[in-house]
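What follows is a set of notes on a single structure, which appears directly below.
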Amino acid sequence: MYKALVRPILFLFDPEKVHYFTFSLIRNLSKFPGVKSLFKSLYVIEDKGLERELFGLTFKNPVGLAAGFDKNAVLYNELANFGFGFIEIGTVTPIAQEGNPKKRLFRLKDDKGIINRMGFNNEGLQAAISQLKKNKGQLIIGGNIGKNTQTRPENYTKDYLECFNALHPYVDYFVLNVSCPNVGSHAKLNDKDYLLELISTVQKANNSFEKQKPILLKIAPDLNDIQLDEIVELIAETNLDGVIASNTSIDRTGLKATDARLTEIGNGGLSGQPIKSKSTKVIKYLADKSHKAFPIIGVGGIHTAEDALEKLEAGADLVQVYTGFIYEGPSLIKKINKALLK
Ligand SMILES: Cc1cc2nc3c(=O)[nH]c(=O)nc-3n(C[C@H](O)[C@H](O)[C@H](O)COP(=O)(O)O)c2cc1C
């Protein structure tokens, strides 16, 4: 029904407008008596066989919603009814920011992809906290954190730390997002020495809390082998809890979209089917090189149950979806979970 009826209508309109429209639709529909239970009965599979224990947390199932969909933590309670095992909110920055000028979100229909240069548009830390206070505790919530675009390089760590400390009571795990291609200043966030400093500062803060929260690093799919080796070393040196592979890509190789269309769209991070193999390769490289020394959340181009299984076979412990959720609809989560039970 989604692909035959809902998607063709939604895809007639501007992608960002559709995003907000779908948000309010889900939120408003969920207020009607019986609708939440209807969604649950359609999409949720409860089965002990799907549970996963990872970094001290019990996930109801290994399929999560990737960061960027519920940036301001406004819809996670409702999204829980679509069968996810966990939801990652953010990227949250200390201060609210508008992100890049519109238009900044584009569909590549023939490629089943999206290019975005949203640029961390979000309502800021305090807005996210007030939403997270409404957590009904149905699911594991990840807090994906970043720096404000205007922040000077010497203050990057301060931004991450501010988000980390303030969100600590409200999320179950953290993600240091150092791989968004749309917020500039990436030289520093790709530098191993800087990452060592960032991670150890955040870990120190973590140790000052009574209960420590797992911390993961989200990386780009465009890293070369040398950079990936550095990530493996970094995780070993810092004992970080895991890696999310991957964020969106700046590579445009092999797309069906014409050069003219790509030029018209301009810069941005590519997601969806075109980055599937790239991110799976990164997962496999990290898992092999580290002898599976740390947990990996696999994300990038999961549009079918087989895609998810491929990521898990490559070395991922959990998976996340974003673009696949838009193209394939909410039944994708159930399909993956069903395949896992088989
Ligand atoms: C519109 C859009 C916004 C995104 N925003 C964020 C973000 O704020 N933080 C983040 O870590 N990843 C963000 N992502 C990346 C996704 O979380 C995911 O890593 C990436 O899209 C690859 O997965 P996919 O192919 O299933 O979409 C965004 C992706 C899209 C399409």
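Remember, predicted model here, so these are calculated numbers, not experimental data. Start at 1 and go down the list; that is how both ligands and their atoms are numbered. All values below were derived from every heavy atom in this structure, side-chain atoms included, with hydrogens, water molecules and symmetry-related copies excluded.
- The closest non-hydrogen atom to atom 17 (O) of ligand 1, taken over Ala245, Ala67, Ser271, Ser279, comes from Ala67.
- Each of the following atoms of ligand 1 lies closer than 4.0 Å to a heavy atom of Ala66: 17 (O).
- Here the shortest heavy-atom distance to atom 25 (O) of ligand 1, taken over Pro181, Gly324, Gly301, Gly142, belongs to Gly301.
- With rounding to the nearest 0.5 angstrom, the CG atom of Leu216 is 11.5 Å from the CZ atom of Phe174.
- Residue contacts with ligand 1: Gly272 is placed with a nitrogen or oxygen under 3.5 Å of a nitrogen or oxygen of the ligand (distance criterion only).
- Side-chain N/O atoms of Lys218 and Ser179 include no donor and acceptor closer than 3.5 Å.
- Looking only at atom types and distance, the side chain of Gln212 has no donor-acceptor partner in the side chain of Asn206 under 3.5 Å away.
- In terms of protein heavy-atom proximity, atom 20 (C) of ligand 1 is closest to Thr248 CG2, 3.9 Å.
- On a distance-only criterion, Asn177 and ligand 1 share at least one N/O pair closer than 3.5 Å.
- Below 4.0 Å from some heavy atom of Leu105 lie the following atoms of ligand 1, by number and element: 1 (C).
- What sits closest to atom 7 (C) of ligand 1 on the protein, heavy atoms only, is Thr91 OG1, 3.4 Å.
- Of the candidates Leu176, Asn116, Ile114, it is Asn116 that places a heavy atom closest to atom 2 (C) of ligand 1.
- Between atom 12 (N) of ligand 1 and the options Glu16, Gln273, Lys218, His303, the minimum heavy-atom separation is to Lys218.
- Checked by atom type, the side-chain pair Glu88/Asn144 shows a donor-acceptor distance below 3.5 Å.
- Looking only at atom types and distance, the side chain of Thr201 has no donor-acceptor partner in the side chain of Tyr160 under 3.5 Å away.
- When each atom of ligand 1 is checked for a heavy atom of Val299 under 4.0 Å away, the hits are 18 (C), 19 (O), 22 (C), 23 (O).
- When the heavy atoms of Ser179, Gly68, Gly300 are ranked by distance to atom 4 (C) of ligand 1, first place goes to Gly68.
- The protein heavy-atom contact nearest to atom 1 (C) of ligand 1 is Tyr322 OH, 3.3 Å.
- Within the 4.5 Å cutoff, side-chain heavy atoms of Pro330 are placed close to those of Phe325.
- In Asn144, the part holding a heavy atom less than 4.0 Å from any atom of ligand 1 is the side chain.
- No salt bridge links Asp172 with Lys213; every basic N to acidic carboxylate O contact stays at or beyond 4.0 Å.
- Counting heavy atoms under 4.0 Å from ligand 1, residue Lys71 touches it through the side chain alone.
- Classification of Lys278 and Asp251 as a salt-bridged pair holds, one side-chain N sitting under 4.0 Å from a carboxylate O.
- The single protein non-hydrogen atom nearest to atom 27 (O) of ligand 1 is Thr323 OG1, 2.5 Å, given as residue, atom name and distance.
- Of all protein heavy atoms, the one closest to atom 15 (C) of ligand 1 is Asn247 OD1, 3.5 Å.
- By the criterion of a heavy-atom distance under 4.0 Å, the backbone of Ser246, and not its side chain, is placed next to ligand 1.
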Between side-chain atoms of residues 62-74 and protein atoms elsewhere (two or more places apart, or another chain), which donor-acceptor pairs fall under 3.5 Å?
{"unit_1": "Asp70", "atom_1": "OD1", "unit_2": "Ala73", "atom_2": "N", "d": "3.3"}
{"unit_1": "Asp70", "atom_1": "OD1", "unit_2": "Val74", "atom_2": "N", "d": "2.8"}
{"unit_1": "Asp70", "atom_1": "OD1", "unit_2": "Leu75", "atom_2": "N", "d": "3.2"}
{"unit_1": "Asp70", "atom_1": "OD2", "unit_2": "Leu75", "atom_2": "N", "d": "3.0"}
{"unit_1": "Asp70", "atom_1": "OD2", "unit_2": "Tyr76", "atom_2": "N", "d": "2.9"}
{"unit_1": "Asn72", "atom_1": "OD1", "unit_2": "Glu123", "atom_2": "N", "d": "2.7"}

Check: residues 25-37 side-chain donor-acceptor pairs under 3.5 Å, at least two apart:
{"unit_1": "Asn28", "atom_1": "OD1", "unit_2": "Lys31", "atom_2": "NZ", "d": "3.3"}
{"unit_1": "Asn28", "atom_1": "ND2", "unit_2": "Ser24", "atom_2": "O", "d": "3.1"}
{"unit_1": "Ser30", "atom_1": "OG", "unit_2": "Ile26", "atom_2": "O", "d": "2.6"}

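- The residues Lys284 and Asp288 are annotated as salt-bridged, a charged nitrogen and a carboxylate oxygen being separated by less than 4.0 angstrom.
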